[in-house]
2 protein chains.
Amino acid sequence: MGSIWGRLALLGGVLCSTLAHADEGMWPIHHVPRAEWQKQYNFAPSDDWLLNQQRAAVRVSDGGSGVLVSDDGLLLTNHHVARGQLHKLSTASRDLLREGFYAPTQQDELRCPDLEIRILWTYQDVTARVVAAIDGKAPPEKQTAQRKQIIAAIEKESHQQSGLRSDVVALHSGGQYMLYRYKTYQDVRLVFAPEEQAATFGGDFDNFTYPRYALDFALLRVYEDGHPIRPEHFLRMSDKAPAAKDLVVAVGHPASTQRGLTVAQRQYHRDVLNPLQLGIHQKRIAALNAYMAQGNEQARRGSTQLRSLENTLKRLSGQQEGLRNTTQLLQLQKEEEALRAEVRKRPELLQKFGDAWFKLQALYAKLGPISKRSAYVTVAPSKLLTMALHLVRHPEELKKPSGERLEEFRESRLPALQRELLSSAPVYADLEEAILTDWFTQISAALGSGDPFVQTLLGGQTPQTVAHKLATESRLTEQEERRALLEGGADKLAASTDPLIVLARKLDSQLRKVREEYEQQVISVEHIAGAQIAQARFAVYGSGIYPDATYTLRLSAGEIKGYMKDTRPVPHQTLFYGLLERALSQGEQPPFDLPPRLRLGLYRLPLWTPLNFVYTADTIGGNSGSPVVDRDGKVVGLNFDSNIEKLPNRYYYVPDAAGGRAVAVHSVAILAALRTLYDAAPLADKLVGNHSLQ
Amino acid sequence: MGSIWGRLALLGGVLCSTLAHADEGMWPIHHVPRAEWQKQYNFAPSDDWLLNQQRAAVRVSDGGSGVLVSDDGLLLTNHHVARGQLHKLSTASRDLLREGFYAPTQQDELRCPDLEIRILWTYQDVTARVVAAIDGKAPPEKQTAQRKQIIAAIEKESHQQSGLRSDVVALHSGGQYMLYRYKTYQDVRLVFAPEEQAATFGGDFDNFTYPRYALDFALLRVYEDGHPIRPEHFLRMSDKAPAAKDLVVAVGHPASTQRGLTVAQRQYHRDVLNPLQLGIHQKRIAALNAYMAQGNEQARRGSTQLRSLENTLKRLSGQQEGLRNTTQLLQLQKEEEALRAEVRKRPELLQKFGDAWFKLQALYAKLGPISKRSAYVTVAPSKLLTMALHLVRHPEELKKPSGERLEEFRESRLPALQRELLSSAPVYADLEEAILTDWFTQISAALGSGDPFVQTLLGGQTPQTVAHKLATESRLTEQEERRALLEGGADKLAASTDPLIVLARKLDSQLRKVREEYEQQVISVEHIAGAQIAQARFAVYGSGIYPDATYTLRLSAGEIKGYMKDTRPVPHQTLFYGLLERALSQGEQPPFDLPPRLRLGLYRLPLWTPLNFVYTADTIGGNSGSPVVDRDGKVVGLNFDSNIEKLPNRYYYVPDAAGGRAVAVHSVAILAALRTLYDAAPLADKLVGNHSLQ
């Protein structure tokens, strides 16, 4: 993983007194490097401190993190994490994104259509049990099946014993298996959200950049059995801004890093995988923009997808920059060669792990065409077709034992999938039509109209014709129709003449085949070779390495710190002065306009109040909504972004000196905004634990 | 020159309706492209408009521009143009740079020790007369001598007839010769200057960057015979900020561009000349920093030189960026080849101009060693040694006819040189010692201690020893000593035992030889070949081309306009809000600290007042202090910088789309600062012509 602790071991302790990359690492809660933090920051968190963080910092099912911040279930997360629910709760006449929202009483709170909160309650190392169940000499696809079965068995057993959602997670590319047990909550209600314009001030221009001036936060409340939960573990918001050089820890759920990739894998990402995705995204954005240009309501409907696509596009570009960094690649090549040289020196390692790199090299040499097919042959672009396929497969998959099902139908995941199918969130047929049209157009162009999958999709008709028919004639846009199909079972589904169900039935076997082939030919090989390399790394450098991010709870330490950009120092924080400067100097032209509450309210606010800050901790997508806490475990900020300089960190740690930074909203900015801009002082009081004022 | 008008001709008028680079060109007052401005901006300045600009926009001898802004001789320029005089007027106990200055009455004004203001009064094309006096078939050095003689003769005759300073200037590399007659004023007094920290907020970090937050202005007053002048031509300051997209014209004295250089010349600048200068400057800055680290007073004494060196270093780096731009170089190569192809097609051109490019190529192939010697063998680094050399040469040069003298002793230039020698400005011996030590050290290392020039300088002793002796034993630091030597003539100078005079006597002949060789072997060839290429360009593309900048009056038109930097739009203007944001977010750490008057006064100011703005006009060093005027000829801004993106424009026009911008202080910022921050409302009233309030 390129961890500094690993590298230190490699260098025989030469650098022990000067940790070059003290801030590297997204550490699992069960593997926090206390000794190193103690040395570097004079901070060794206690068991109590860690347990409190573990159970306060939650995972939010819409793809982010959050934190419990009161004894009555208030949950703080980013506006952009809550955005999907805000969008689903909005209609043409009540646009929560444009207007913001505040529920002064619990009766006013709005239930999110399909949001789940997960709290990591307990964990257990199950590596030995998983490894024992796999025959290392069997062919890859056999090993994969064995692995899936044992994991499903452990998850099922754990769920039966504890009643908790139980996930077995592979860390270190399968070098370690952890059983994570989660308390989950599905009744989550909206308490407060600023206008989206305040939360995302500067729009896509300012996304992944800094200095920033964004109030990217929202408050939800977690309910159970119709009442707000009364959590034992929650964090207080600090009413004092942290200073430059202060230690902070981001506690959240980073989604995915790939720092263990070999040089061959990186080159494959750079030359094949990322360009493919970039191309698809660029075209989809163009199509979506054309749809949204039709009117205000279309613009509103498409906004969530557009934002997400633009975000992904910018992120991919930043990652590509990193992969194109020759110095970095040469450095990684050196590290890889050093590890392989060590492996060659020890016969026992050479025999066990020596061929892993060759296997990967051989795999990637032939992977181009498979990757291209796999990138286009998917129903993911269409929300409706995805649901249709889930419905069609539901009775079929449920017949099998959990360990043999498609991943998303495994016992541990099934409830989430069913909730999604029955969500009350609106689905817009015209938006679906636009997306389907683009997908059909792209896949025809990429694979050719004679391709069997394309034939099944279009049957010789134009993308426009087929998409129009599917979107206008299907009734899957209606929640009750989906419920009827889900509850009706195999017979009702087989009899359905809904055009999307008909299409899903036709696509099912082809999609299964593509997926199976990819899993057998690619994923299995990657998994086994990856695990071998990870084990080789353990053997050579010791176990003081952090695993890649896997959307599980991690702690990342760093300090609040500005950086140099070209010739100019970028300060560690911005102030509300800067928000006014940026809005007014841009003539308040969108996306630099101020929503009315800011236009009026900012002048009542002490403008020197800190607004956003940057810090050096190792974070990535999924960390959105992570609390940024101080030594006392208080929330001093809410993580919401990274700057462009940091984006290559999917593939390698971007050191402090390269200017990579995580970006957070100051807690004092959140409190000031609630009090002065949004007349929500009682909420602010609650967050700092100031009960006397309530 | 790569002018758009030239290129349009080349393209046969294809682009006539869409001027790609409408803002290109620093146009002489006698060659303003009215028709093109009319087409592009719907603005064709009248003769009156132009005459008023010509006589209001002055050249400031310290290396910049300025503008008369009242009927009683008030002159507005940049603080950094007036800085040298402010420094000279300061002492250890009265630091005008730290404290700023305001003279509420004329009695309080301080006379600048050695500043001259020049107003271009009339002009005349003398090309025919110059060309007629040169024998085009004579060897280069002979032609050079003939040119010098005729120029000196024209200047002398004009001075005798008009009483005005008369300069013959070669435009278009000698394709055109203009006689410029200037009214000059030597009695210039300081009226107002903000604290340097307010004028250069952000220091070297922010120099050549944008967004900027600088009050870079100062007010002087021009006197004649002990009374303020009452100019007929002056400009009013606008009390209304211009808007984005407004047309503006910068009227000033850009010092030097080299856009007519051939590809070979550019490569020589990139590979030899600029790296040499960069290296020398970097080392000198290090030496100066070491000197300034000794104490506050040393820091004050060295500050002017440091600022100037840092500025040059950053400028050189930006220029190098431009020369390293491969796309640009290929484009220029193409243009050069196209011109040469045209020349080859026409026998009469081929015969006259065809070998110019070959001459230059041959010249640069052998120029490396000469350039290196010439970069080090100079007395320029030392102010005292420069004065010693001027003193030693003074009687000798004055014996010759003006046309045969060294350039700086020509009749038209002599008064300025004499004023400099007799300046009352303090010279700091310890600073001189530090600079001499560095120069001696660098030249020994570069040329070797056995080099004859180094031998003459050091005579085998260490740089430290020699510099210490010169700086401590010479009496040239005293104004009266220099006056005595200047007035004492050849005998007194020959008898002087002042160590600097002794050294200057020894160096004189060697320096003359280096200079003579360089002039004969390099300058003459460059001049003749350059003129040939310029004439070829005239012949092929017509005469609608602007000449390189030559520190003479030019008008540059453009619009006020932001630009994209990476993914973010940079606004066309900044506000006082941003000044507070930048100062406070940096914790008011130098160079982002606010001087006391700003700390207290900013809160009384409407913070949405515009502060600085950017515009697309073609400007360069020397344009500092240029008025930026609107269609009415009113001053809406004061030019003070360019951004980094624009720095390659010494070598080629940096188009709008590349983000190159000139940076100016808003006139409304100057007025607001005078009124609210500096209690100088009467000055502000005077500048907008508001007499009733005086």
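Predicted model, so just to flag it, every value in this text is computed and none were measured. All chains are named by letter (A, B, ...) in the order of the sequence lines, taking the proteins before the strands, and each is independently numbered beginning at 1.
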* Asked: Taking it one step at a time, do Gln573(B) and Gln586(A) satisfy side chain to side chain contact (heavy atoms under 4.5 Å, CB included)?
  -> CA-CA 8 Å; Gln573(B) 65 180 10; Gln586(A) 295 280 6; over 6 Å; no
* Asked: Quick one: of His572(A), Arg582(A), Gln589(A), who has the most non-hydrogen atom pairs under 4.5 Å with chain B?
  -> Arg582(A)
* Under a 4.5 Å heavy-atom cutoff, which of Phe208(B), Trp608(B), Tyr603(B) has the most pairs with chain A? -> Tyr603(B)
* Structure fact -> Nearest heavy-atom contact between Glu581(B) and Tyr213(A) is OE2-CE2, 3.6 Å
* Note: Asp566(B)-Lys565(A) ion pair, threshold 4.0 Å (strictly below) -> yes
* To do: Write down the atom of Arg568(B), the atom of Phe205(A), and the distance for their closest heavy-atom approach.
  => CG-O, 3.4 Å
* Toward chain A, the part of Pro211(B) with a non-hydrogen atom under 4.5 Å -> both
* Asked: Got Ser585(B) and Thr574(A) here, is their nearest side-chain heavy-atom distance under 4.5 Å?
  -> no
* Most heavy-atom pairs under 4.5 angstrom with chain A, which of Val570(B), Asn207(B), Leu584(B)? -> Leu584(B)
* Structure fact -> In terms of heavy-atom contacts, Leu607(A) and Tyr577(B) come closest through CD1-CE2, 3.8 Å
* To do: Measure Phe592(B) against the heavy atoms of chain A and call it side chain, backbone, both or neither at under 4.5 Å.
  => side chain
* Asked: How many angstroms lie between atom CG of Asp204(A) and atom OG1 of Thr567(B), to the nearest 0.5 angstrom?
  -> 7.5 Å
* In this structure, are over 12 heavy atoms from other groups packed under 6.0 Å from Arg599(B) atom CZ? -> no
